[in-house]
Amino acid sequence: MDFGMKNRLSRIFSPRTGRTVMLAVDHGYFQGPTTGLKNMKGILPLIPHADCLFVTRGIVRTSIDPRTDTSICLRVSGGPSILGALSNEDIIVSLEEALRLNASGVGMSIFVGAENEDRTIANLGRLVNEAVRYGMPVLAITAVGKEMVRDARYLGLACRMAAEIGAHFVKTYYCEDFERVVEGCPVPIVIAGGKKIPEWDALLMTESAIKSGASGVDMGRNIFQSDSPVGMIKAVKSIVHKGVSAKEAYKVYRGSTKTSVPAEAEDADKMEKV
Ligand code: R5P
(Lines give C-alpha, C1' and ligand atoms only; values in the text may rest on other atoms or scores of the structure.)
Protein backbone atom coordinates (compact mmCIF):
# COMPACT_ATOMS: atom_id res chain seq x y z
CA MET A 1 0.00 0.00 0.00
CA ASP A 2 1.48 3.35 -0.98
CA PHE A 3 1.86 6.50 1.12
CA GLY A 4 -1.18 8.30 -0.30
CA MET A 5 -3.52 5.38 0.36
CA LYS A 6 -2.18 4.86 3.90
CA ASN A 7 -2.25 8.57 4.65
CA ARG A 8 -5.86 8.93 3.50
CA LEU A 9 -6.95 5.84 5.44
CA SER A 10 -5.31 7.31 8.56
CA ARG A 11 -7.52 10.40 8.13
CA ILE A 12 -10.57 8.12 8.29
CA PHE A 13 -9.50 5.44 10.80
CA SER A 14 -7.84 6.99 13.83
CA PRO A 15 -4.23 5.74 14.06
CA ARG A 16 -4.72 5.77 17.86
CA THR A 17 -7.54 3.23 17.94
CA GLY A 18 -7.74 1.88 14.39
CA ARG A 19 -11.44 2.79 14.46
CA THR A 20 -13.62 5.53 13.05
CA VAL A 21 -16.69 7.61 13.79
CA MET A 22 -17.96 8.66 10.40
CA LEU A 23 -20.93 11.01 10.33
CA ALA A 24 -23.21 10.13 7.41
CA VAL A 25 -25.03 13.17 6.06
CA ASP A 26 -25.40 12.15 2.41
CA HIS A 27 -29.08 11.18 2.62
CA GLY A 28 -30.25 14.15 0.55
CA TYR A 29 -28.68 12.67 -2.60
CA PHE A 30 -31.77 10.48 -2.99
CA GLN A 31 -34.14 11.57 -0.18
CA GLY A 32 -34.02 15.33 -0.58
CA PRO A 33 -34.25 17.54 2.52
CA THR A 34 -34.85 14.79 5.07
CA THR A 35 -35.54 15.31 8.80
CA GLY A 36 -32.43 16.62 10.52
CA LEU A 37 -30.80 17.64 7.25
CA LYS A 38 -33.33 20.20 6.00
CA ASN A 39 -30.80 22.89 6.76
CA MET A 40 -27.22 21.66 6.80
CA LYS A 41 -26.34 24.30 9.42
CA GLY A 42 -27.74 21.84 11.97
CA ILE A 43 -24.91 19.39 11.44
CA LEU A 44 -22.07 21.92 11.74
CA PRO A 45 -21.67 21.50 15.54
CA LEU A 46 -21.33 17.72 14.99
CA ILE A 47 -18.48 17.85 12.51
CA PRO A 48 -15.61 18.45 14.99
CA HIS A 49 -16.67 15.31 16.88
CA ALA A 50 -16.45 13.07 13.80
CA ASP A 51 -13.29 11.52 12.34
CA CYS A 52 -14.79 11.71 8.87
CA LEU A 53 -17.84 13.15 7.14
CA PHE A 54 -19.65 10.98 4.59
CA VAL A 55 -21.14 13.54 2.28
CA THR A 56 -21.90 14.55 -1.31
CA ARG A 57 -19.90 17.06 -3.28
CA GLY A 58 -22.83 19.48 -3.39
CA ILE A 59 -22.91 19.73 0.39
CA VAL A 60 -19.10 19.92 0.64
CA ARG A 61 -19.10 22.87 -1.77
CA THR A 62 -22.00 24.74 -0.22
CA SER A 63 -22.01 23.95 3.47
CA ILE A 64 -18.68 22.73 4.84
CA ASP A 65 -15.92 25.00 6.13
CA PRO A 66 -12.80 24.18 4.07
CA ARG A 67 -10.69 24.74 7.21
CA THR A 68 -12.22 21.70 8.92
CA ASP A 69 -9.92 19.10 10.48
CA THR A 70 -12.51 16.38 9.85
CA SER A 71 -11.78 14.33 6.77
CA ILE A 72 -14.17 13.88 3.87
CA CYS A 73 -15.39 10.63 2.34
CA LEU A 74 -17.27 11.56 -0.77
CA ARG A 75 -20.36 9.73 -2.00
CA VAL A 76 -19.73 9.20 -5.70
CA SER A 77 -22.73 7.07 -6.70
CA GLY A 78 -26.25 8.26 -7.38
CA GLY A 79 -29.01 8.61 -9.92
CA PRO A 80 -32.43 7.48 -8.70
CA SER A 81 -34.49 9.29 -6.10
CA ILE A 82 -36.43 7.66 -3.28
CA LEU A 83 -39.37 7.63 -5.72
CA GLY A 84 -37.50 5.45 -8.24
CA ALA A 85 -35.59 2.15 -8.36
CA LEU A 86 -32.86 2.77 -5.77
CA SER A 87 -30.47 0.23 -7.25
CA ASN A 88 -30.30 2.00 -10.60
CA GLU A 89 -27.18 3.93 -9.56
CA ASP A 90 -24.10 4.88 -11.49
CA ILE A 91 -20.83 6.59 -10.66
CA ILE A 92 -21.62 10.28 -10.94
CA VAL A 93 -18.55 11.99 -9.47
CA SER A 94 -15.08 11.82 -10.99
CA LEU A 95 -11.90 10.94 -9.13
CA GLU A 96 -10.54 14.31 -10.26
CA GLU A 97 -13.36 16.00 -8.33
CA ALA A 98 -12.67 13.86 -5.25
CA LEU A 99 -9.01 14.89 -5.39
CA ARG A 100 -9.94 18.55 -5.92
CA LEU A 101 -12.12 18.40 -2.80
CA ASN A 102 -9.23 16.77 -0.92
CA ALA A 103 -11.33 13.71 -0.12
CA SER A 104 -9.75 11.00 2.01
CA GLY A 105 -12.05 8.38 0.51
CA VAL A 106 -14.86 7.79 -1.95
CA GLY A 107 -17.97 5.70 -1.34
CA MET A 108 -20.64 4.05 -3.45
CA SER A 109 -23.54 1.64 -2.97
CA ILE A 110 -23.72 -1.88 -4.34
CA PHE A 111 -27.00 -3.77 -4.54
CA VAL A 112 -26.31 -7.47 -4.04
CA GLY A 113 -29.42 -9.53 -4.70
CA ALA A 114 -31.33 -6.62 -6.18
CA GLU A 115 -32.10 -5.40 -9.65
CA ASN A 116 -28.95 -3.92 -11.24
CA GLU A 117 -26.75 -6.05 -8.97
CA ASP A 118 -24.23 -6.82 -11.73
CA ARG A 119 -23.98 -3.23 -12.92
CA THR A 120 -23.38 -1.84 -9.44
CA ILE A 121 -20.75 -4.49 -8.75
CA ALA A 122 -19.06 -3.71 -12.07
CA ASN A 123 -19.20 0.00 -11.16
CA LEU A 124 -17.40 -0.81 -7.91
CA GLY A 125 -14.69 -2.64 -9.86
CA ARG A 126 -14.27 0.33 -12.19
CA LEU A 127 -14.17 2.81 -9.31
CA VAL A 128 -11.50 0.75 -7.52
CA ASN A 129 -9.46 0.50 -10.74
CA GLU A 130 -9.37 4.26 -11.01
CA ALA A 131 -9.12 5.07 -7.30
CA VAL A 132 -6.03 2.93 -6.66
CA ARG A 133 -4.18 4.89 -9.35
CA TYR A 134 -4.49 7.94 -7.07
CA GLY A 135 -4.14 6.21 -3.69
CA MET A 136 -7.83 6.85 -2.92
CA PRO A 137 -9.59 4.40 -0.55
CA VAL A 138 -12.97 3.09 -1.69
CA LEU A 139 -15.91 2.46 0.64
CA ALA A 140 -18.55 0.01 -0.61
CA ILE A 141 -21.99 0.35 0.94
CA THR A 142 -24.08 -2.81 1.06
CA ALA A 143 -27.63 -3.86 1.84
CA VAL A 144 -29.39 -0.65 0.95
CA GLY A 145 -33.10 -1.14 0.28
CA LYS A 146 -36.01 -2.04 2.53
CA GLU A 147 -36.60 -5.39 0.83
CA MET A 148 -33.17 -6.80 1.77
CA VAL A 149 -33.07 -9.41 4.55
CA ARG A 150 -30.42 -8.09 6.88
CA ASP A 151 -29.05 -11.33 8.35
CA ALA A 152 -25.47 -12.56 8.73
CA ARG A 153 -25.73 -14.81 5.69
CA TYR A 154 -26.82 -12.06 3.34
CA LEU A 155 -24.64 -9.31 4.84
CA GLY A 156 -21.70 -11.73 4.90
CA LEU A 157 -22.18 -12.37 1.19
CA ALA A 158 -22.49 -8.70 0.29
CA CYS A 159 -19.53 -7.56 2.43
CA ARG A 160 -17.27 -10.35 1.19
CA MET A 161 -18.14 -9.58 -2.42
CA ALA A 162 -17.36 -5.89 -1.87
CA ALA A 163 -13.95 -6.77 -0.43
CA GLU A 164 -13.18 -9.25 -3.20
CA ILE A 165 -14.02 -6.67 -5.85
CA GLY A 166 -11.48 -4.39 -4.16
CA ALA A 167 -13.25 -2.09 -1.67
CA HIS A 168 -10.84 -0.91 1.04
CA PHE A 169 -13.62 -0.78 3.64
CA VAL A 170 -17.28 -1.67 3.76
CA LYS A 171 -20.38 -0.14 5.31
CA THR A 172 -23.24 -2.42 6.21
CA TYR A 173 -25.96 -2.90 8.81
CA TYR A 174 -25.57 -4.57 12.17
CA CYS A 175 -27.28 -7.95 12.58
CA GLU A 176 -27.35 -10.93 14.91
CA ASP A 177 -24.16 -13.05 14.63
CA PHE A 178 -22.31 -10.04 13.26
CA GLU A 179 -19.02 -11.78 14.14
CA ARG A 180 -19.69 -14.05 11.15
CA VAL A 181 -19.95 -11.06 8.84
CA VAL A 182 -16.70 -9.62 10.21
CA GLU A 183 -14.92 -12.98 10.06
CA GLY A 184 -15.73 -13.41 6.38
CA CYS A 185 -14.65 -9.94 5.34
CA PRO A 186 -10.93 -9.21 4.98
CA VAL A 187 -11.34 -5.41 5.12
CA PRO A 188 -12.66 -3.18 7.93
CA ILE A 189 -16.42 -2.92 8.37
CA VAL A 190 -18.29 0.12 9.64
CA ILE A 191 -21.98 0.00 10.49
CA ALA A 192 -24.72 2.32 9.32
CA GLY A 193 -27.25 3.23 11.97
CA GLY A 194 -30.38 2.75 9.87
CA LYS A 195 -33.66 4.44 10.66
CA LYS A 196 -33.99 6.38 13.90
CA ILE A 197 -34.45 4.19 16.97
CA PRO A 198 -34.35 5.15 20.66
CA GLU A 199 -30.92 6.42 21.72
CA TRP A 200 -30.44 3.57 24.18
CA ASP A 201 -31.05 0.99 21.43
CA ALA A 202 -28.70 2.78 19.03
CA LEU A 203 -25.96 2.80 21.66
CA LEU A 204 -26.51 -0.88 22.47
CA MET A 205 -26.28 -1.66 18.75
CA THR A 206 -23.03 0.31 18.52
CA GLU A 207 -21.57 -1.50 21.53
CA SER A 208 -22.55 -4.90 20.11
CA ALA A 209 -21.11 -4.06 16.69
CA ILE A 210 -17.78 -2.96 18.15
CA LYS A 211 -17.61 -6.02 20.41
CA SER A 212 -18.30 -8.16 17.33
CA GLY A 213 -15.35 -6.66 15.48
CA ALA A 214 -16.73 -3.66 13.60
CA SER A 215 -14.13 -0.95 13.01
CA GLY A 216 -16.54 1.87 13.71
CA VAL A 217 -19.69 3.50 12.45
CA ASP A 218 -20.85 5.57 9.53
CA MET A 219 -23.96 6.78 11.32
CA GLY A 220 -26.48 9.39 10.32
CA ARG A 221 -30.11 9.49 11.46
CA ASN A 222 -29.48 8.09 14.92
CA ILE A 223 -27.18 11.05 15.49
CA PHE A 224 -28.64 14.01 13.61
CA GLN A 225 -32.29 13.09 14.34
CA SER A 226 -31.59 12.64 18.07
CA ASP A 227 -32.99 15.16 20.55
CA SER A 228 -29.34 15.77 21.42
CA PRO A 229 -27.22 15.25 18.29
CA VAL A 230 -24.00 16.44 19.96
CA GLY A 231 -24.65 14.28 23.03
CA MET A 232 -25.32 11.32 20.78
CA ILE A 233 -22.20 11.65 18.62
CA LYS A 234 -20.09 12.04 21.77
CA ALA A 235 -21.74 8.92 23.19
CA VAL A 236 -21.13 6.89 20.02
CA LYS A 237 -17.55 8.13 19.96
CA SER A 238 -16.98 6.99 23.56
CA ILE A 239 -18.00 3.44 22.58
CA VAL A 240 -16.00 3.37 19.34
CA HIS A 241 -12.78 4.97 20.56
CA LYS A 242 -12.80 4.38 24.31
CA GLY A 243 -14.60 1.04 24.38
CA VAL A 244 -17.06 2.16 27.06
CA SER A 245 -20.32 0.27 27.61
CA ALA A 246 -23.65 1.42 26.18
CA LYS A 247 -24.68 2.31 29.70
CA GLU A 248 -21.69 4.60 30.20
CA ALA A 249 -22.24 6.05 26.74
CA TYR A 250 -25.89 6.71 27.56
CA LYS A 251 -24.72 8.95 30.41
CA VAL A 252 -22.55 10.84 27.92
CA TYR A 253 -25.59 11.32 25.68
CA ARG A 254 -27.72 12.34 28.64
CA GLY A 255 -25.15 14.91 29.66
CA SER A 256 -26.85 17.29 27.28
CA THR A 257 -30.48 16.20 27.54
CA LYS A 258 -33.06 15.81 30.27
CA THR A 259 -34.25 12.36 29.12
CA SER A 260 -34.38 9.91 32.04
CA VAL A 261 -32.47 6.60 31.93
CA PRO A 262 -34.63 3.97 30.21
CA ALA A 263 -35.66 0.88 32.17
CA GLU A 264 -33.35 -1.24 30.00
CA ALA A 265 -30.34 0.82 31.08
CA GLU A 266 -31.35 0.46 34.73
CA ASP A 267 -31.60 -3.31 34.19
CA ALA A 268 -28.12 -3.32 32.64
CA ASP A 269 -26.91 -1.50 35.74
CA LYS A 270 -28.45 -4.14 38.04
CA MET A 271 -26.90 -6.93 35.95
CA GLU A 272 -23.47 -5.34 36.30
CA LYS A 273 -23.83 -5.34 40.09
CA VAL A 274 -24.84 -9.06 40.30
C1 R5P B 1 -27.11 5.08 2.85
O2 R5P B 1 -26.91 4.77 1.72
C3 R5P B 1 -26.93 6.45 3.27
O4 R5P B 1 -26.14 6.92 2.30
C5 R5P B 1 -26.30 6.65 4.63
O6 R5P B 1 -24.99 7.11 4.52
C7 R5P B 1 -26.25 5.43 5.49
O8 R5P B 1 -27.48 4.76 5.46
C9 R5P B 1 -25.88 5.76 6.91
O10 R5P B 1 -26.82 6.58 7.50
P11 R5P B 1 -27.85 6.05 8.58
O12 R5P B 1 -27.06 5.81 9.83
O13 R5P B 1 -28.83 7.16 8.71
O14 R5P B 1 -28.46 4.77 8.07
Side-chain angles (χ1 to χ4, degrees), residues 12 20-38 40 42-43 46-47 49-60 70-82 84-93 103 105-112 114 116 120 123-124 127 138-148 150 155 158-159 162 167 169-175 189-199 201-206 208-210 214-226 229 232-233 235-237 239-240:
I12 300 172
T20 186
V21 174
M22 296 174 69
L23 176 65
V25 291
D26 60 316
H27 306 59
Y29 92 98
F30 73 104
Q31 290 186 2
T34 194
T35 307
L37 298 180
K38 285 193 174 18
M40 296 306 284
I43 62 131
L46 303 177
I47 296 175
H49 300 285
D51 297 297
C52 181
L53 199 59
F54 189 59
V55 67
T56 60
R57 66 172 160 188
I59 296 302
V60 171
T70 303
S71 63
I72 300 292
C73 186
L74 204 62
R75 174 173 278 279
V76 297
S77 67
S81 77
I82 197 164
L86 280 187
S87 65
N88 198 15
E89 283 196 355
D90 268 311
I91 305 295
I92 53 164
V93 179
V106 290
M108 63 165 288
S109 298
I110 58 171
F111 293 85
V112 175
N116 303 307
T120 60
N123 283 343
L124 174 62
L127 180 64
V138 174
L139 165 67
I141 302 157
T142 75
V144 178
K146 280 186 197 146
E147 66 283 3
M148 296 299 161
R150 292 174 184 169
L155 297 181
C159 290
F169 60 122
V170 178
K171 166 161 71 170
T172 195
Y173 291 92
Y174 178 71
C175 66
I189 299 181
V190 295
I191 61 153
K195 68 176 182 357
K196 175 77 177 69
I197 52 178
E199 279 76 5
D201 293 333
L203 295 173
L204 264 186
M205 176 175 71
T206 306
S208 303
I210 295 297
S215 297
V217 301
D218 185 12
M219 193 176 275
R221 288 162 288 180
N222 278 291
I223 293 174
F224 62 71
Q225 290 178 355
S226 169
M232 196 56 185
I233 195 168
V236 168
K237 198 173 172 181
I239 296 174
V240 171

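Computed over heavy atoms, backbone and side chain alike; hydrogens, waters and symmetry mates excluded. Numbering starts at 1 and runs along the sequence shown. Atoms within each ligand, like the ligands themselves, are counted from 1 in listed order.
Residue contacts with ligand 1 for Lys195 are absent, since no atom lies close enough (heavy atoms, distance under 4.0 Å).
Polar contact with ligand 1: absent for Phe54 (N/O pair, distance under 3.5 Å). For Gly194, a nitrogen or oxygen atom sits less than 3.5 Å from a nitrogen or oxygen atom of ligand 1, counting backbone and side chain alike.
Heavy-atom proximity to Met219, at under 4.0 Å, picks out these atoms of ligand 1: 12 (O). In the vicinity of Ala24, heavy-atom distances shorter than 4.0 Å reach the ligand 1 atoms 6 (O), 9 (C), 10 (O). Atoms of ligand 1 lying under 4.0 Å from at least one heavy atom of Ala192, given by number and element, are 9 (C), 12 (O), 14 (O). Residue contact check: Arg221 has heavy atoms under 4.0 Å from atoms 11 (P), 12 (O), 13 (O), 14 (O) of ligand 1. Of all atoms in ligand 1, numbered sequentially from 1 with element shown, those under 4.0 Å from a heavy atom of His27 are 5 (C), 10 (O), 11 (P), 13 (O).
Screening Val190, Thr20, Val21 against Val217 for a side chain to side chain contact (heavy atoms under 4.5 Å, CB included) leaves a single residue, Val21.
Under the 4.0 angstrom criterion for non-hydrogen atoms, Asn222 is not in contact with ligand 1. Within the 4.0 Å heavy-atom shell around ligand 1 one finds Arg75. Close to ligand 1: Lys171, with a non-hydrogen atom less than 4.0 angstrom away.
Side-chain N or O atoms of Thr142 include none that pairs as donor or acceptor with a backbone N or O of Ile110 at under 3.5 Å. Distance alone, capped at 3.5 Å, places no donor-acceptor pair between the Asn88 side chain and the Asn116 backbone.
For Ile191 against Tyr174, the heavy-atom pair with the smallest separation is CG2-N, 4.1 Å. Contact record, Pro80 with Glu89: CD-CG, 3.8 Å, taken as the closest heavy-atom pair.
Between the side chains of Ser226 and Glu199, at least one donor-acceptor pair of N or O atoms lies under 3.5 Å. Arg75 and Ser109 share a side-chain donor-acceptor pair at under 3.5 Å.
Taking CG from Asp26 and CD from Gln31, the interatomic distance works out to 9.0 Å, rounded to the nearest 0.5 Å.
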